[in-house]
Asker: 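I am attaching a structure below and will ask some questions about it afterwards.
This structure is a prediction, so every number in the text was calculated from the model and none was measured. Lettering follows sequence order; numbering is per chain, from 1.
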Amino acid sequence: MSITAKFYKISDDPRVINKTLGTEKEKAITIKGADSILNPTITIRYDATMTDYNYVFIPEPYNRYYFLAPPVVAPGKRMTWSCSVDPLMSHKDGIEALDVVVTRLERGKYADDDSRKNSDYISDNHAVGLVQPNVHTVEAAASPFNTASDWSYVMSVVGGVPNTSP
Amino acid sequence: MIKDEMNLPLGIDTQYIKSTGGVFTTATDAEILPYTIGYIPFSMLDKARIFKNMGKYTNTSVPNVSFRTIRQNILYEPTKGVPFVYTIKTIQENKNFHGFYDTTGNTWNTSFIGYSNTNLRALHSYNTNHFVNDSGNNGLNVTGVRLIFVLFETLGNGGWGGTSPRTVAEKNRASVSATFSAVTPDIVLSFSTSVSSSFGSHTYTIDNSIFNAMDENGVFQIDGGTYSSGGTDFERHLFGAIEQIYVETSGQNLSTNSPGFGVIIADNFRNSQTLTEQNHTNVRNTYGTQSTNYLVSANECMYLFDSQYGYFWEYALNDVSLFRFAVAEWINCPVFCGATWDDILICICTALPAYKINNAWYVTEFTDDYYITGKLIPYEDARDWQKNINGDTNEFNPADIPEPVPPGEDDTLDQFSGSNIFFNLGNFGATNGFITHWVMTRAQVSNFGTYVWQNLLDFDNTDPNNPVPLAGVWENLKVATKTYFTTGSIDPASLMQLIVGLRFYPFDLNDESTASADNCIYFGTGKFGVPVRGPGEKTRTLNNMAFKLPSTSIVLPSSANFWYKDFRDYEGCTAFIYLPFCGTYQIPISEIVPNTQFDIDYEVDLATGSCTAYVSAVHPTGTTTGPKTYPIIVANGQCGFEVPLSATNANRLNATIIADAQKVVGAIAGPINESAGKVISGVTSAITGGANIQVDGLEDIDVGGLAAASVGPMGGVANLAGQTAMKAGGNLVNVAAGMATRSGCAIPLLQGGRGWSALGNPLKAYLQIRRGRYMYAKGYEHSEGRPENRQLTVSDITGFFQCDNVDMSGVGATSAEVNMIKRMLETGVYHK
């Protein structure tokens, strides 16, 4: 089966949903008939300029984006790639429409969002702690107790109300 | 929100209003008093916090207007019914300089007094319903008015139309008083003094003629005085202004029946020159054509009279550009004010329904922090009140009763709600007639011991083998006490039983005691006294048995609580508070982070020496229910230390101290070595003084010689025994503490201390926070994210994120792909 595919040079992390597609080049490819839609093997006529391409979009009936393994130059002036599907980019629209419960998030545009205040106080189990703590001491403004100059004694005695009558 | 700060003091002449179902009635004293601390003197008013959130506006077009407040002077009497004085200080800090009202032109002009113009009024009533008005004849008596005038003269070269700069200097300041010979509505004024100032050919006089009587409508005005010009000398000119206005009233409290005071002072607040630095233009204006007659004022100002506290508050606008009207959020003190660019309006109304003033000034919005005079307003009442005022039941949407929210929508509760809790501490617990507590200094204790022991041990040594004790103080005591104790069986040797105890306290009790009859400590029936002070001086007896020490607090700086401003302020943190004589207590970090300070109070039981420390946390504003004070620790300890007076109680004390010390040493550093034991035994023996005793199996020592050798006369033994014990205990415990430190034992916390050794511990409370320290690699947030817990749409997210249990509905992918996507979302992906 011969299809015209679009080859790209991408530099995004594979985990990026909406990847930036770089240099595009269309090429007629041949797909081995028995290959999986998720991991097809494609072949083109040998083209020395195609060795740096690492991403491909295969239209209908595949209609998916694939990561390209390093090409293999095959006998008969052919180049062959093993492809693995990029489900994120392939189903970008569906993923972007998802409402998800986010458990970790890069601040980005949410940094000043008031609704994040409580999130700041969720424990971060990825954080790395030092064994030495910070010791912070705050002293009271004053002491209710005095220094030696103002000490008092209290002697308690039985009776004791002065009676100076004869 | 309701500002539920209790214990607001009652002021005098204050209207207390309660709302029940939107109907306002005057609250009775019985209803108010449970929420107050009673009438308080003027001096305490400085501590009153009476308003919050000034500068709330109903006019949304007014941007960024802020206030600063300056408390004004007022003479204030603490008792209801006593005449009191309101003061409007109109000149202060070169800001507010009030001019005079031109009754001819019916405009407010300047302070200009000139050309024999006798139609200038310095002050007049706002209208017939304001300013010392009792048109309802409800008994509000105005008993006097006093004005302080300041006369200024301009000095400069060139005279009228001359060159700048001119300066304005104070020429004279004098008060003019008036008393009312009758009450409203037929007030007649007569003034006792007049003031005049002149130079050259110019004279400015303020005398009786400037005051007009209040008429039957309650209208009262004060004119500006007369000015006579002697010709063409414009080098110097006089003008005057009112600096202060006192209005004295008596009789009727301000209430709904006495509308109160209102003053308009206008057109005097536009310029910002100072009195001493007037430039030429403004001086010209002062003398000018009256069309742009503005004098000195740094800011637009308005005044607000607080009928609860008897203050005029000045609100000086920091930004006057678009200011039109403002609302003071008071419902406890129904006083409202407003100001415009053109006018300074002082309106004082004591009746809530009269909040609408001049058809423009009114309260339409209560947002938060409401007070009522000395009383907590229940939420429902405040709501009803608000409804009644607004006539709109939909506007008040209290935030302190949050609507239920479904899970997943940030449904956190406020950290605080409910009531403030305050400790009820003070000096109380009267002494009784059975026991008398004498407050003594160390010198007096020493004198006492010397006197007693010298008399007791005064021997007749005629026969060295048979010394005969002479009749001394104890014989006298015996005789004296026989008259009181009918059995007469008290033996001289046990007369020390008359002394119940002698305790040392590390604070001054002089103010907690009352001077006795003379310089003696009396016993029993009071017929016998031991002089411990010099002739003519007086001993002192204790007033109360429970004594509250001065309060203190630990103010929590931001570095002590919100350091990271996230979970790290809590996680891995521990905190301890050390309370002198009570020990160290762990405090949950959650009690520290959100609070501003810990209030610390001590109540001491002077009968036993025990003390209780009370620690309250103070939370700032920031919750929907306002500041909170709540107790977190009540700790017991001992800050009064018994001084042994006899061998018996010395033994008991020493045994206790030593046992404690041994326990500490043993627990921390292992067995005490032999030499340490000898130290203990030696000290112990010295303490016991005059007795051959054995303590806990330690050495027997003949004390007599040691005591004599170490402290001299035996009188000193009694005095110093306790202190020696203190030192002994202190040394031991300190040694123990030092050993604990050096040994690296994980006992860093100070204990309360037992006995006198506790004095070696810090006498100041302190808080110690041990906070975890974290390392975040650069780019941590980009690669790891920060914890989050809320629902978002993926398309709205930027950067790294991680999800939990994603519902993949709507993603048209194969099952394998769905699983891949789900797993990736749950382990972390990026969206740009």
Asker: State, without any angle test, whether A:T103 and B:D804 hold a side-chain donor-acceptor pair at a distance under 3.5 Å.
Answerer: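 Absent: no donor and acceptor within the cut-off.
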Asker: What residue in A:G94, A:S156, A:A127 has the most heavy-atom pairs under 4.5 Å with chain B?
Answerer: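 Among the listed options, the one with the most contacts to chain B is A:S156.
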Asker: Please find out if less than 6.0 Å separates the ring center of B:Y505 from that of A:W151.
Answerer: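 Ring-ring flag for B:Y505/A:W151: false, centres at least 6.0 Å apart.
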Asker: If you measure from CD1 on B:I821 to OG on A:S90, what distance do you get to the nearest 0.5 Å?
Answerer: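 Here the interatomic distance stands at 8.0 Å.
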Asker: Counting only non-hydrogen atoms closer than 4.5 Å, does A:D93 touch chain B with its backbone (N, CA, C, O), its side chain (CB onward), both, or neither?
Answerer: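 For A:D93, no heavy atom lies under 4.5 Å from chain B.
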Asker: Top residue by heavy-atom pair count (under 4.5 Å) with chain B, among A:V101, A:V131, A:V102?
Answerer: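 Result: the option with the highest number of such pairs is A:V102.
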Asker: Is a donor on one side and an acceptor on the other found under 3.5 Å between the side chain of A:E106 and the backbone of B:F800?
Answerer: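 It does hold such a pair.
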Asker: If you count every heavy atom of other residues, nucleotides or ligands that lies below 6.0 Å from A:K9 atom NZ, does the total exceed 12?
Answerer: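 Atom NZ in A:K9 is crowded, with more than 12 foreign heavy atoms closer than 6.0 Å.
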Asker: Are the side chains of B:V500 and A:M155 in touch, meaning some heavy atoms are under 4.5 Å apart?
Answerer: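 No, side chains not in contact.
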Asker: Would you mind telling me which of B:C803, B:G799, B:A813 has the largest number of heavy-atom pairs within less than 4.5 Å of chain A?
Answerer: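 Winner by heavy-atom pair count: B:C803.
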Asker: When heavy-atom pairs shorter than 4.5 Å are enumerated against chain A, which of B:E571, B:R503, B:Q597 gives the highest number?
Answerer: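 Highest number of heavy-atom pairs under 4.5 Å: B:R503.
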Asker: Given the rule in the side chain to side chain contact (heavy atoms under 4.5 Å, CB included) test, do B:T814 and A:L38 qualify, once you have shown the distances and angles that lead to the verdict?
Answerer: CA-CA 9 Å; B:T814 64; A:L38 301 181; 4.2 Å; yes
Asker: With a 4.5 angstrom heavy-atom cut-off, is it the side chain or the backbone of B:C639 that approaches chain A, or both, or neither?
Answerer: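 The side chain, not the backbone.
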Asker: Test: salt bridge (charged side-chain N to carboxylate O under 4.0 Å, His left out). Region: residues 36-55 of chain A. Which pairs qualify, not counting sequence neighbours?
Answerer: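 Salt bridge (charged side-chain N to carboxylate O under 4.0 Å, His left out) check on residues 36-55 of chain A returns A:K25-A:D47, A:K27-A:D47.
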Asker: Examine whether an atom of A:A97 lies under 4.5 Å from a heavy atom of chain B, and if so say whether it belongs to the side chain, the backbone or both; otherwise answer neither.
Answerer: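 The backbone, not the side chain.
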Asker: Mind listing the closest non-hydrogen atom pair of A:P144 and B:L763 along with its distance?
Answerer: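 Heavy atoms only, the tightest pair is CD-O, 4.5 Å.
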Asker: Would you indicate whether the side-chain heavy atoms of A:F145 and B:K764 approach each other to under 4.5 Å?
Answerer: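 Counting from C-beta outward, B:K764 and A:F145 never come under 4.5 Å.
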Asker: I need the B:R790 CZ to A:L105 CG distance, nearest 0.5 Å.
Answerer: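 Answer for the CZ-CG pair, B:R790 versus A:L105, is 7.0 Å.
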Asker: Which pair of non-hydrogen atoms, one from A:S123 and one from B:P787, has the smallest distance, and what is that distance?
Answerer: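 Closest approach of A:S123 to B:P787: O-CG, 3.6 Å.
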Asker: Taking A:K19, A:H126, A:Q132, A:R104 one by one, which has the highest count of heavy-atom pairs under 4.5 Å against chain B?
Answerer: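 Heavy-atom pairs under 4.5 Å are most numerous for A:R104.
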Asker: Treating A:S152 as the side-chain partner and B:L509 as the backbone partner, does any N or O pair qualify as donor plus acceptor under 3.5 Å?
Answerer: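 Flag set: sc A:S152 to bb B:L509 pair under 3.5 Å.
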Asker: Do A:I122 and B:E788 have side chains that approach each other closer than 4.5 Å (heavy atoms only, starting at C-beta)?
Answerer: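 No, their side chains stay 4.5 Å or more apart.
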Asker: Is there side-chain contact between A:Y153 and B:Q444, with at least one heavy-atom pair below 4.5 Å?
Answerer: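 Sidechains of B:Q444 and A:Y153: no contact.
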Asker: Any residues in residues 65-84 of chain A near chain B, with a heavy-atom distance under 4.5 Å, and which are they?
Answerer: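 So no residue qualifies.
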Asker: In terms of side-chain heavy atoms, does B:E817 have a donor or acceptor partner in A:H91 at a distance below 3.5 Å?
Answerer: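 There is such a pair (donor and acceptor under 3.5 Å, judged by atom type) between the side chains of B:E817 and A:H91.
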Asker: Using a cut-off of under 4.5 Å on heavy-atom pairs, state which of B:Q802, B:M824, B:M808, B:M820 scores highest against chain A.
Answerer: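 The answer is B:Q802.
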Asker: Within this structure, what is the CD1-OG1 distance for the pair B:I769 and A:T137, rounded to the nearest 0.5 Å?
Answerer: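 That separation rounds to 8.5 Å.
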Asker: Which atoms of B:Y780 are under 4.5 Å from chain A, going by heavy atoms: the side chain, the backbone, both sets, or neither?
Answerer: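 Side chain of B:Y780 only, per the 4.5 Å heavy-atom cut-off to chain A.
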Asker: Any side-chain heavy atom of B:V806 within less than 4.5 Å of one from A:L98?
Answerer: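 A side-chain contact exists here, since the closest heavy-atom pair is under 4.5 Å.
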Asker: Under a 4.5 Å cut-off applied to non-hydrogen side-chain atoms, are B:I435 and A:V157 in contact?
Answerer: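 Side chain of B:I435 against side chain of A:V157, heavy atoms only: no contact under 4.5 Å found.
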Asker: Does any heavy atom of chain A fall under 4.5 Å from the side chain of B:L825, the backbone, both, or neither of them?
Answerer: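 When you check distances to chain A, only side chain atoms of B:L825 fall under 4.5 Å.
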Asker: For A:D124, is there an ion pair with B:R568 - N to carboxylate O distance below 4.0 angstrom?
Answerer: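 Between A:D124 and B:R568 there is no salt bridge, as every charged N stays at least 4.0 Å from the carboxylate O atoms.
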Asker: What residue in A:V16, A:N18, A:V135, A:D99 has the most heavy-atom pairs under 4.5 Å with chain B?
Answerer: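 Answer, by heavy-atom pair count under 4.5 Å with chain B: A:N18.
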Asker: Quick one, B:Q768 and A:H136 - any side-chain contact, counting heavy atoms below 4.5 Å?
Answerer: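 The answer is no, as the side chains (C-beta and beyond) never meet within the 4.5 Å cut-off.
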Asker: Quick one: do A:V100 and B:V794 satisfy side chain to side chain contact (heavy atoms under 4.5 Å, CB included)? Show the steps, please.
Answerer: CA-CA 7 Å; A:V100 295; B:V794 172; 3.9 Å; yes
Asker: I'd like to check A:L88 versus B:V829 (side-chain heavy atoms, cut-off strictly below 4.5 Å). Are they in contact?
Answerer: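 Yes, close enough: below the 4.5 Å cut-off.
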Asker: Using a cut-off of under 4.5 Å on heavy-atom pairs, state which of B:T574, B:N510, B:I600, B:V811 scores highest against chain A.
Answerer: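 The answer is B:V811.
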